[in-house]
Amino acid sequence: MTWRVIARSEAGTSHIKRSLPCDDDCLFAQYRLPCGDELLAVVVADGAGSAEHGGEGAQVAIAAVAAALQSRLGESEIILDAGLAEILVTAAHDGIASKATNHNLRPRDFACTLLGVLAAQTLGTMVFQIGDGGIVLDVGNGLELAVVPMVGEYANMTHFVTQDNFREVLAVRTFDPLATKIAAFTDGLQRIALDLATDVPHELFFRPFFKALEDARSENEEVLLDQLSLALGRFLQGPLVNERTDDDKTLAIAVWLGDVDPTTASDELGNSDARA
């Protein structure tokens with residue numbers, strides 16, 4: 001095992017009060033490359049609150065990215081660059097457009113943001129983003145925010161993968177080193193996870209998650225990951241988060257373990273500082 005990953009999407013209190021589902025979605029997967037390396041993919045999407053079918057749009061976008069990436073891996077050697085990022089977001093855009101056409105609706109009715117990170121030891125790290133939310137990673141210089149959350153033309157607006165000019169607003173960053181710590185989240189956690197004045201990650205928010213994943217040892221990795229995932233869900237639905245946001249929230253956390261042999265789960269996960 002090279003990577004240890006957990007992720008949860010939880011409905012915000014505003015949705016729970018109205019008996020509405022969570023409009024976020026998330027993918028994380030590991031792929032074995034021909035060279036023997038493992039490629040980690042983490043992708044999150046957030047359906048727009050102004051879009052009637054935003055949650056469906058997020059699901060379609062995630063599924064389309066997964067299918068496009070799987071297809072790309074089957075065709076040739078992969079390069080983590082802007083070209084691959086455009087292929088993935090185009091798949092999401094086109095998938096939603098097709099869904100809208102089939103239901104006699106407009107793509108904007110399925111509007112969603114889309115953020116992703118791909119990382120492999122031999123290939124480095126690539127981040128792509130359309131919209132708000134964020135990806136925080138460590139490529140050797142401590143935690144940094146890969147892309148500043150996007151704002152739209154007006155206050156409290158952002159960009160969506162459904163826009164006609166989605167390629168123009170797409171942000172891509174590549175890093176030669178492997179990101180050994182990765183966190184991806186939707187905008188429901190922005191105020192908690194980031195200093196919005198400086199766009200700097202709150203170290204006290206992220207540190208317990210990374211430490212929990214690094215330190216946890218168990219003879220049964222699957223059971224351990226289930227326990228850590230449940231703890232993450234309890235945190236996202238707990239008072240430290242819900243007192244700061246009523247929005248849906250998704251958080252995916254990944255750490256690169258290299259050759260570490262994972263053989264007592266840490267209690268750190270429930271202690272992240274949402275007051276930062």
Side-chain angles (χ1 to χ4, degrees), residues 7 9 21-31 33 39-120 123 125-135 146-147 149-153 157-174 184-187 248 250 252:
S9 294
C22 178
D23 284 338
D24 289 1
D25 200 13
C26 177
L27 158 78
F28 64 89
Q30 299 180 55
Y31 305 89
L33 300 175
L39 174 70
L40 172 70
V42 177
V43 187
V44 299
D46 180 3
S50 59
E52 184 177 359
H53 303 283
E56 291 180 66
Q59 293 173 8
V60 172
I62 292 291
V65 168
L69 180 58
Q70 186 71 64
S71 175
R72 192 69 177 177
L73 289 170
E75 292 176 358
S76 62
E77 293 289 340
I78 194 167
I79 300 175
L80 303 186
D81 60 6
L84 176 59
E86 186 168 324
I87 289 171
L88 299 180
V89 299
T90 298
H93 176 273
D94 292 351
I96 292 175
S98 177
K99 175 88 170 181
T101 298
N102 291 339
H103 289 78
N104 294 317
L105 295 169
R106 304 164 300 174
R108 72 177 65 178
D109 295 322
F110 297 85
C112 66
T113 62
L114 186 64
L115 305 82
V117 55
L118 305 178
L123 301 176
T125 307
M126 184 265 282
V127 170
F128 62 90
Q129 180 164 340
I130 295 180
D132 49 18
I135 293 174
V147 176
M150 297 178 183
V151 295
E153 185 177 356
M157 294 292 290
T158 189
H159 293 299
F160 302 109
V161 73
T162 47
Q163 295 175 198
D164 291 338
N165 67 336
F166 71 97
R167 292 185 181 89
E168 298 173 22
V169 299
L170 170 64
V172 181
R173 284 191 69 186
T174 59
F185 53 93
T186 52
D187 74 314
D248 295 341
T250 292

Checklist line | Nearest heavy-atom neighbours spanning L115 and F185 | finding: CD2-O, 4.1 Å
Note to self: Would you compute the distance between atom CG of L114 and atom CG of L88 and round it to the nearest 0.5 angstrom?
What the structure shows: 8.5 Å
Check: Rounded to the nearest 0.5 Å, how far apart are CG of L170 and NE2 of H159?
Finding: 11.5 Å
Next item on the list: Could you tell me whether Q163 atom CD has more than 12 heavy atoms of other residues or ligands within 6.0 Å of it?
Entry: yes
Notebook entry, point to check: What are the two closest heavy atoms between A100 and P107, and how far apart are they?
Noted result: CB-N, 3.6 Å
Margin query: Donor-acceptor check, side chain of T113 to backbone of D46, threshold 3.5 angstrom: yes or no?
Written below: yes
Next item on the list: Give every residue pair that meets the salt bridge (charged side-chain N to carboxylate O under 4.0 Å, His left out) criterion with at least one member in residues 105-120, sequence neighbours excluded.
Entry: R106-D109
Notebook entry, point to check: Does the pair I78 and L33 meet the rule for a side chain to side chain contact (heavy atoms under 4.5 Å, CB included), with working shown?
Noted result: CA-CA 9 Å; I78 194 167; L33 300 175; 4.1 Å; yes
Checklist line | Heavy-atom pair of closest approach, residues D248 and D23 | finding: OD2-N, 2.7 Å
Check: Under the 3.5 angstrom rule, does the side chain of E168 hit a backbone N or O of N165 as a donor-acceptor pair?
Finding: no
Check: Considering only heavy atoms from C-beta outward, does the side chain of L118 approach that of M126 to under 4.5 Å?
Finding: yes
Item checked: All side chain to side chain donor-acceptor pair (under 3.5 Å) counterparts of S71, not counting sequence neighbours -> E75
Note to self: Is it the case that over 12 heavy atoms from other parts of the model lie below 6.0 angstrom from the CD1 atom of I79?
What the structure shows: no
Checklist line | Nearest-0.5 Å distance that lies between atom CE in M150 and atom CG in D132 | finding: 9.5 Å
Notebook entry, point to check: Minimum heavy-atom separation for A92 to V161, with atom names?
Noted result: CB-CG2, 4.1 Å
Note to self: So, using ring pair (Phe, Tyr, Trp, His ring centres under 6.0 Å) as the criterion, who are the partners of F110 when residues are at least two apart?
What the structure shows: H53
Checklist line | Between D24 and T250, a side-chain donor and acceptor under 3.5 Å | finding: yes
Margin query: What's the separation between atom CG in L73 and atom CG in L39, rounded to the nearest 0.5 Å?
Written below: 6.0 Å
Note to self: So does V127 get a backbone contact from the side chain of R173, meaning a donor-acceptor N/O pair under 3.5 Å?
What the structure shows: no
Notebook entry, point to check: Going from SG on C112 to CD on E56, what distance comes out if it is rounded to the nearest 0.5 angstrom?
Noted result: 11.5 Å
Notebook entry, point to check: Can you pull the salt bridge (charged side-chain N to carboxylate O under 4.0 Å, His left out) pairs that have at least one residue in residues 86-95, sequence neighbours excluded?
Noted result: E86-R167
Next item on the list: State whether the side chain of T174 and the backbone N or O of D81 hold a donor-acceptor pair below 3.5 Å, judged by distance alone.
Entry: no
Margin query: Strictly by ring-ring contact (aromatic ring centres under 6.0 Å, His included), give each pair with a member in residues 81-105 just once, sequence neighbours left out.
Written below: H93-F166
Item checked: V172 vs L84 side-chain heavy atoms within contact, under 4.5 Å -> no
Margin query: Within the structure provided, determine whether F160 and I130 are in side-chain contact (heavy-atom separation under 4.5 Å).
Written below: no
Next item on the list: Provide the full list of ring-ring contact (aromatic ring centres under 6.0 Å, His included) pairs with a residue in residues 57-82, sequence neighbours left out, each pair given once.
Entry: none
Check: When rounded to the nearest 0.5 angstrom, what is the spacing between OH in Y31 and CG in L69?
Finding: 4.5 Å
Next item on the list: Specify the closest pair of heavy atoms between G57 and I96, including all atoms of both residues, with the distance to one decimal.
Entry: O-CD1, 3.5 Å
Next item on the list: Indicate yes or no: at least one non-hydrogen side-chain atom of L80 is less than 4.5 angstrom from one of T125.
Entry: no
Item checked: T186 versus A45, closest heavy-atom pair with distance -> CG2-O, 4.0 Å
